[in-house]
Q: 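This is the structure I want to talk about, given as structure tokens.
Because the structure is a prediction, the values reported are computed rather than measured.
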Amino acid sequence: RVNYTTDWGWINRQIALVLSQMYGRTNRAADDKSITYILDSDVERNFGPASLVTDYFLEALEGYHYTTPLKIVDEGKIKSINYNKTGNSKELVPHKLSNGICSLNENVNRLALSCIMTINPKGEVIDHQIAETVIRTNRRMTYTNVKKILVDRDPEVIAEYEELVPMFEKMEELAKILRKKRMKRGSIDFDFPETKVVLDKSGKPIEIKPYDRNVATKIIEDFMLIANETVAQHFFWQEIPFVYRTHDNPDSEKIQKLSTFINNFGYTIHIGTDEVHPKELQKLLEKIEGSEEESLISRLTLRSMKQARYTTSCTGHFGLATNYYCHFTSPIRRYPDLQIHRIIKETLRGRMKDKRIEHYEEILNEVAKHSSEMERRADEAERETIKLKKVEYMENHIDEEFEGVISSHDAFTISITDSNGIDQMIYKDKISTISLKKSEPHSDSRPHHSFRRPSENSHYSERPVEAQ
């Protein structure tokens, strides 16, 4: 699909039409004033692969077209999930693809797979089209700059991107509509504070800072969610073999234990016949927001739920309170996305005949199972890597004082989360080795303390301690 822009000129249009014919693309029939731009992180080397935003169209940058002949991608499914929380990105596909022809750079043509949606003021998708496209990015934006435009109203940034400001404002308006609709049906949003470890060129941690989940990141999250839902629903009714992202209802026994526990704090949840509606958990999280017990109950609520996984049956997503969901938007980062891009393209090209359906029915159960397993391994590797880098960071801060919050304790240990988001476990019988004192009252009334990190000869270990 060709997205014409005002600066292509007649020659570039002819090239685009040739590309359209070569790859079976069709013209979007957009006018010459349409603009395509990318919202991405502030890391200069990160040009995607992410989702493009084009007049509220969600486009996943092409991975399938270039990976079809690369058996190494399929044989190496062990890299099923890409992760990047410590500055080192492990890509699913070869680096020359992910940072080359599949990356998002300004003023170059890129193949994409687009989910084009018409959404009414109620947030309902009343029409949609899934199509192979050719896109051209005019401007590369950052989350920070979009926040400066929409929230900070920074005059310099607004002037720099003057022609895009009205569209960003409309995007924010649409994202709020989508979010409101999702929350109304009971979608659960666990907004735990996350931290990012910043490394120097040698891989040494130099800073630990919180992830900035601002208006720009939320806009992209909302658009990607609706695209994933729309694609999943489309192919569910096509009755074609597919890979869905499912999240089963929580175990009734765990929910009953959670209900009993929160009663101690004066909270209740309504439990139906051996099951709970996600709306009940959403309301619980809203009630505890800002309270002393928020962190404890939020984590226990999360632990009461099952893990999401990849399946070939569409059984719904409890956490998002939706009947249809898949991972469509990151074919360069996740193998399941790449796999369903193959299915989508074969369907669009009229190749999904009995033989191909039989092929996918034969392999997709293993693809879903393997991808779920590799996701768990990637998550665990990510957690362990982050913990390691946090330990390395704290080695340079022996005997310094940090403000922290006592997050949990048991008969032998106290767990304190410091101002850097680092969980520190202290043995009670060694508590004399640290300076623990009550600090001045804080606005949120939570039990804050300042403490001195133990020196090397004291008994100390660092690991996250889940609230029990």
Q: If the threshold is 4.0 Å, N to carboxylate O, is there a salt bridge linking Asp189 and Lys218?
A: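 Judged by the 4.0 Å cut-off on N to carboxylate O distance, Asp189 and Lys218 do not form a salt bridge.
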Q: Determine which pairs satisfy salt bridge (charged side-chain N to carboxylate O under 4.0 Å, His left out) with at least one residue from residues 238-250, sequence neighbours left out, and list them in order.
A: Arg245-Glu375, Asp248-Arg309
Q: Salt bridge or not for Glu169 and Arg153, using N-O below 4.0 Å?
A: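 Salt bridge between Glu169 and Arg153, a charged N being under 4.0 Å from a carboxylate O: yes.
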Q: Would you compute the distance between atom CG of Asn249 and atom NZ of Lys306 and round it to the nearest 0.5 angstrom?
A: 7.5 Å
Q: Would you say the side chain of Ile208 lies within less than 4.5 Å of the side chain of Lys196, judging by non-hydrogen atoms?
A: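 Side-chain contact under 4.5 Å: no.
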Q: Measure the CD1-CD1 distance between Ile119 and Ile226 for me, rounded to the nearest 0.5 Å.
A: 5.5 Å
Q: Taking only Lys NZ, Arg NE, NH1 and NH2, and the carboxylate oxygens of Asp or Glu, determine whether Glu280 and Lys283 approach each other closer than 4.0 Å.
A: yes
Q: Please examine the side chains of Thr133 and Leu111, heavy atoms only from C-beta on, and report whether any two atoms are closer than 4.5 Å.
A: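 Side-chain contact under 4.5 Å: no.
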Q: Quick check: does any side chain N or O of Glu207 sit under 3.5 Å from a backbone N or O of Val198, one acting as donor and the other as acceptor?
A: no
Q: With sequence neighbours left out, write down each residue that passes ring-ring contact (aromatic ring centres under 6.0 Å, His included) with His277, or none if nothing qualifies.
A: none
Q: Measure the shortest side-chain to side-chain distance between Ile219 and Phe168 over non-hydrogen atoms and say whether it is less than 4.5 angstrom.
A: no
Q: To the nearest 0.5 Å, what is the distance between CZ on Arg299 and CZ on Phe190?
A: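 The distance works out to 11.0 Å.
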Q: Side chain to side chain contact (heavy atoms under 4.5 Å, CB included) between His128 and Ile116: does it pass, once the steps are laid out?
A: CA-CA 5 Å; His128 74 276; Ile116 306 166; over 6 Å; no
Q: Take the angle between the ring planes of Phe236 and Tyr324 and call it parallel below 30°, perpendicular above 60°, tilted in between.
A: tilted
Q: To the nearest 0.5 Å, what is the distance between OG1 (Thr230) and CG (Asp127)?
A: 10.5 Å
Q: Would you say Arg213 and Glu221 make side-chain contact, with heavy atoms under 4.5 Å?
A: yes
Q: Pick from Lys389, Glu384, Lys390: which one makes a side chain to side chain contact (heavy atoms under 4.5 Å, CB included) with Ile386?
A: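 Of all the options given, the one that passes is Lys390.
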Q: For the backbone of Lys122 and the side chain of Asn120, can you confirm whether one donor and one acceptor N or O come within less than 3.5 Å of each other?
A: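 Between the backbone of Lys122 and the side chain of Asn120 there is a qualifying donor-acceptor contact (under 3.5 Å).
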Q: Atom NE2 of His234 and atom CD of Gln129: how far apart are they, to the nearest 0.5 Å?
A: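 Going from the NE2 atom of His234 to the CD atom of Gln129 covers 10.0 Å.
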Q: Are His247 and Leu320 close enough that some pair of their side-chain heavy atoms sits under 4.5 Å apart?
A: no
Q: List the steps, then state whether side chain to side chain contact (heavy atoms under 4.5 Å, CB included) holds for Ser298 with Ile288.
A: CA-CA 8 Å; Ser298 293; Ile288 65 176; 3.5 Å; yes
Q: Between Glu229 and Arg185, does any side-chain N to carboxylate O distance fall below 4.0 Å?
A: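 Result for this pair is yes, salt bridge flagged.
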Q: Are Arg342 and Glu346 close enough for a salt bridge, meaning some N to O gap below 4.0 Å?
A: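 No, Arg342 and Glu346 are not salt-bridged.
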Q: Is there a donor-acceptor pair closer than 3.5 Å between any side-chain N or O of Gln282 and the backbone N or O of Met183?
A: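 At least one qualifying donor-acceptor pair exists.
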Q: Decide side chain to side chain contact (heavy atoms under 4.5 Å, CB included) for Ile344 and Val231; before the verdict, give the C-alpha distance in whole Å, the side-chain angles of both, and the deciding distance to 0.1 Å.
A: CA-CA 9 Å; Ile344 292 171; Val231 170; 3.9 Å; yes
Q: Specify whether Tyr393 and His397 have parallel, tilted or perpendicular ring planes, treating 30° as the upper limit for parallel and 60° as the lower limit for perpendicular.
A: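 If you compare the ring of Tyr393 with that of His397, the planes turn out tilted.
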Q: Does a side-chain N-to-carboxylate-O contact under 4.0 Å join Arg377 and Glu380?
A: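 Salt bridge: no.
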Q: Can you see which heavy atom on Gly319 is nearest to which on Met305, and at what distance?
A: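 So the two residues come closest at CA-CE, 4.3 Å.
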Q: Could you tell me which residues satisfy side chain to side chain donor-acceptor pair (under 3.5 Å) with Glu172, sequence neighbours excluded, listed by chain and number?
A: none
Q: Taking CD in Glu286 as the centre, count heavy atoms belonging to other residues, nucleotides or ligands within less than 6.0 Å. Is the count above 12?
A: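 Yes, because the 6.0 Å sphere around CD of Glu286 holds more than 12 heavy atoms from other groups.
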Q: Between Asp222 and Arg182, does any NZ, NE, NH1 or NH2 come within less than 4.0 Å of an OD or OE carboxylate oxygen?
A: yes
Q: Between Glu173 and Lys170, is the closest basic N to carboxylate O distance under 4.0 Å?
A: no
Q: With rounding to the nearest 0.5 angstrom, report the NE2 to OG1 distance, His317 to Thr315.
A: 10.0 Å
Q: If you define the side chain from C-beta out and look only at heavy atoms, does anything of Thr329 sit under 4.5 Å from Arg334?
A: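 Yes, close enough: below the 4.5 Å cut-off.
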Q: Name the one of Tyr360, Phe235, Phe242, Tyr244 that satisfies side chain to side chain contact (heavy atoms under 4.5 Å, CB included) with Ile340?
A: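 So the option named by the test is Phe242.
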Q: Does this structure show an ion pair linking Glu132 with Arg349, if we count only N-O contacts that are shorter than 4.0 Å?
A: yes
Q: Assess whether side chain to side chain contact (heavy atoms under 4.5 Å, CB included) is satisfied between Leu113 and Leu348, documenting all intermediate values.
A: CA-CA 11 Å; Leu113 189 60; Leu348 293 176; 4.0 Å; yes
